[in-house]
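One is the number of the first residue; the rest follow in order along the sequence. Heavy-atom basis, side chains included; hydrogens, waters and symmetry copies ignored. Small disclaimer: the values here were computed from a predicted structure and weren't measured.
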Amino acid sequence: MSQVIAEMSMSLDGFITGPNHSARLPLGKGGERLHEWIYELTSWREMHGLTGGQCNQDAELIAESNRRTGAVILGRTMFDHGQPFWGDMPPFHMPVFILTHEKRQAETKDGGTTYTFVTDGIERALEQAKAAAGNKDVKIAGGANVIQQYMGAGLLDELLITLVPILLGNGQKLFEHLPSDIEFARTTVIESPGVTHLRYRLIHHAKA
């Protein structure tokens with residue numbers, strides 16, 4: 001069955017970017033260390049049009065996520081920060097829905113990525129993404145505020161945290177501005193040499 005999922009690398013002190021993140025420094029100061037585990041994996045490199053790399057359980061985790069996902073939702077800030085790096089062939093290769101307040105024409109990029117700009121809220125973006133994904137999953141790719149909105153609204157089914165053994169001290173936190181009625185049921189733990197992958201099912205309790 002199709003699921004709504006989010007996947008994020010996080011430091012031990014709970015940050016998903018370093019401090020002072022901006023358009024010029026989208027991961028913040030030192031934030032690139034959160035993603036060093038992924039850059040040499042075959043499945044990540046394939047998404048970015050690169051060859052070679054390491055084939056291990058981390059690579060298979062990314063490959064499985066790619067196979068499961070049929071559409072992606074992004075916040076406008078993440079989209080704006082990522083555009084200069086993604087270029088004319090973004091690494092998504094599927095429909096992408098961008099949450100924004102600005103009306104904008106849809107765009108088609110090389111490699112199968114389409115950008116649709118949604119101005120009428122997270123529920124409408126999810127409705128369109130589910131229609132595009134069919135029986136595959138919808139990935140809420142970020143940033144933090146967008147994931148928090150879907151968690152808070154009870155619309156996120158699954159969360160995969162890759163815990164990276166570093167401290168960043170400041171930056172964006174994943175678990176902020178959330179209601180207290182959410183519980184997390186751990187379903188999978190995958191230990192790798194450099195990181196630990198923790199998969200959770202979200203349980204939303206109806207308020208009395």
Side-chain angles (χ1 to χ4, degrees), residues 2-11 14-23 25-28 31 34-35 38 47 62 65-66 68-86 90-104 106-107 109 113-133 136-162 164 168 170-182 184 198-204:
S2 176
Q3 298 283 294
V4 182
I5 63 173
E7 300 172 358
M8 195 61 60
S9 293
M10 187 174 76
S11 67
F15 295 101
I16 61 171
T17 73
N20 303 318
H21 64 281
S22 65
L25 200 65
L27 296 176
L34 288 169
H35 304 281
I38 202 173
M47 288 171 59
I62 299 301
S65 174
N66 295 342
R68 288 177 56 182
T69 304
V72 173
I73 295 176
L74 296 178
R76 179 60 187 269
T77 299
M78 184 174 178
F79 173 74
D80 288 343
H81 289 183
Q83 277 279 77
F85 301 94
W86 299 330
F92 303 105
H93 313 294
M94 65 183 68
V96 178
F97 298 85
I98 297 105
L99 291 160
T100 180
H101 297 294
E102 177 188 353
K103 289 188 177 181
R104 184 167 164 179
E107 299 177 12
K109 297 291 186 179
T113 297
T114 58
Y115 292 136
T116 300
F117 300 87
V118 183
T119 59
D120 42 1
I122 63 171
E123 290 88 355
R124 178 58 179 153
L126 183 57
E127 179 183 321
Q128 293 184 61
K130 282 186 171 182
K136 290 190 173 184
D137 293 341
V138 173
K139 181 183 293 184
I140 314 299
N145 179 261
V146 172
I147 295 174
Q148 289 161 8
Q149 287 185 62
Y150 279 97
M151 276 199 280
L155 297 173
L156 191 69
D157 298 310
E158 183 179 287
L159 176 63
L160 175 63
I161 295 175
T162 295
V164 183
L168 289 172
N170 206 337
Q172 284 187 313
K173 281 198 167 185
L174 180 59
F175 297 110
E176 285 188 319
H177 316 299
L178 291 169
S180 59
D181 63 332
I182 305 174
F184 299 84
L198 305 169
R199 193 183 300 276
Y200 296 93
R201 178 172 53 87
L202 273 71
I203 304 169
H204 298 268

Apply side chain to side chain contact (heavy atoms under 4.5 Å, CB included) to the pair Leu174 and Ile147, showing each step before the final yes or no.
CA-CA 8 Å; Leu174 180 59; Ile147 295 174; 3.9 Å; yes
[X] versus [Y], closest heavy-atom pair with distance:
X	Y	answer
Pro90	Thr113	O-OG1, 3.7 Å
Ala141	Val72	CB-CG1, 3.7 Å
Ala132	Ala71	CB-CB, 4.4 Å
Asn66	Met47	ND2-SD, 3.2 Å
Gly70	Pro95	O-CD, 3.5 Å
Val146	Ile140	CG1-CG2, 3.7 Å

Applying salt bridge (charged side-chain N to carboxylate O under 4.0 Å, His left out) to Asp137 and not counting sequence neighbours gives Arg68
Contacts of type salt bridge (charged side-chain N to carboxylate O under 4.0 Å, His left out), residue Lys109, not counting sequence neighbours:
Glu107
Point-to-point distance, once rounded to the nearest 0.5 Å, from [atom1] of [X] to [atom2] of [Y]:
X	Y	atom1	atom2	result
Met151	Leu202	CE	CG	6.5 Å
Ser11	Ile16	OG	CD1	9.5 Å
Thr17	His35	OG1	NE2	9.0 Å
Ile203	Asp157	CD1	CG	11.5 Å
Leu99	Leu74	CG	CG	8.5 Å
Thr69	His93	OG1	NE2	12.5 Å

Could you check if a side-chain atom of Tyr150 sits within less than 4.5 angstrom of a side-chain atom of Leu159, using non-hydrogen atoms only?
no
Sequence neighbours excluded, which residues qualify as side chain to side chain contact (heavy atoms under 4.5 Å, CB included) partners of Asn170?
Phe15, Pro19
Got a donor-acceptor contact below 3.5 angstrom from the Glu158 side chain to the Glu7 backbone?
no
Counting N and O atoms only, with roles assigned by atom type, does the side chain of Ser2 sit under 3.5 Å from a partner on the main chain of Lys136, one being a donor and the other an acceptor?
yes
Tell me, please, which residues at least two apart from Phe97 pass ring-ring contact (aromatic ring centres under 6.0 Å, His included).
none
Taking distance alone, no hydrogens or angles, what donor-acceptor pairs closer than 3.5 Å link side-chain atoms of residues 76-83 to residues at least two apart or in another chain?
{"residue": "Arg76", "atom": "NE", "partner": "Asp80", "partner atom": "OD1", "Å": "2.9"}
{"residue": "Arg76", "atom": "NE", "partner": "Asp80", "partner atom": "OD2", "Å": "3.2"}
{"residue": "Arg76", "atom": "NH1", "partner": "Thr100", "partner atom": "OG1", "Å": "3.0"}
{"residue": "Arg76", "atom": "NH1", "partner": "Glu102", "partner atom": "OE1", "Å": "3.1"}
{"residue": "Arg76", "atom": "NH2", "partner": "Glu102", "partner atom": "OE1", "Å": "3.3"}
{"residue": "His81", "atom": "NE2", "partner": "Ala23", "partner atom": "N", "Å": "3.4"}

Please assess Thr162 against Ile38 for the test side chain to side chain contact (heavy atoms under 4.5 Å, CB included), listing each intermediate value before the final yes or no.
CA-CA 10 Å; Thr162 295; Ile38 202 173; over 6 Å; no
CG of Asn20: more than 12 outside heavy atoms within 6.0 angstrom?
no
Side chains of residues 118-128: which donor-acceptor pairs under 3.5 Å do they make with residues two or more places apart or in other chains?
{"residue": "Arg124", "atom": "NH1", "partner": "Glu127", "partner atom": "OE2", "Å": "2.6"}

Apply the test side chain to side chain contact (heavy atoms under 4.5 Å, CB included) to residues Val164 and Met10: give CA-CA distance (whole Å), side-chain angles for both, the deciding distance (0.1 Å), then the verdict.
CA-CA 6 Å; Val164 183; Met10 187 174 76; over 6 Å; no
Derivation of the side chain to side chain contact (heavy atoms under 4.5 Å, CB included) call for Thr114 and Val96:
CA-CA 6 Å; Thr114 58; Val96 178; over 6 Å; no
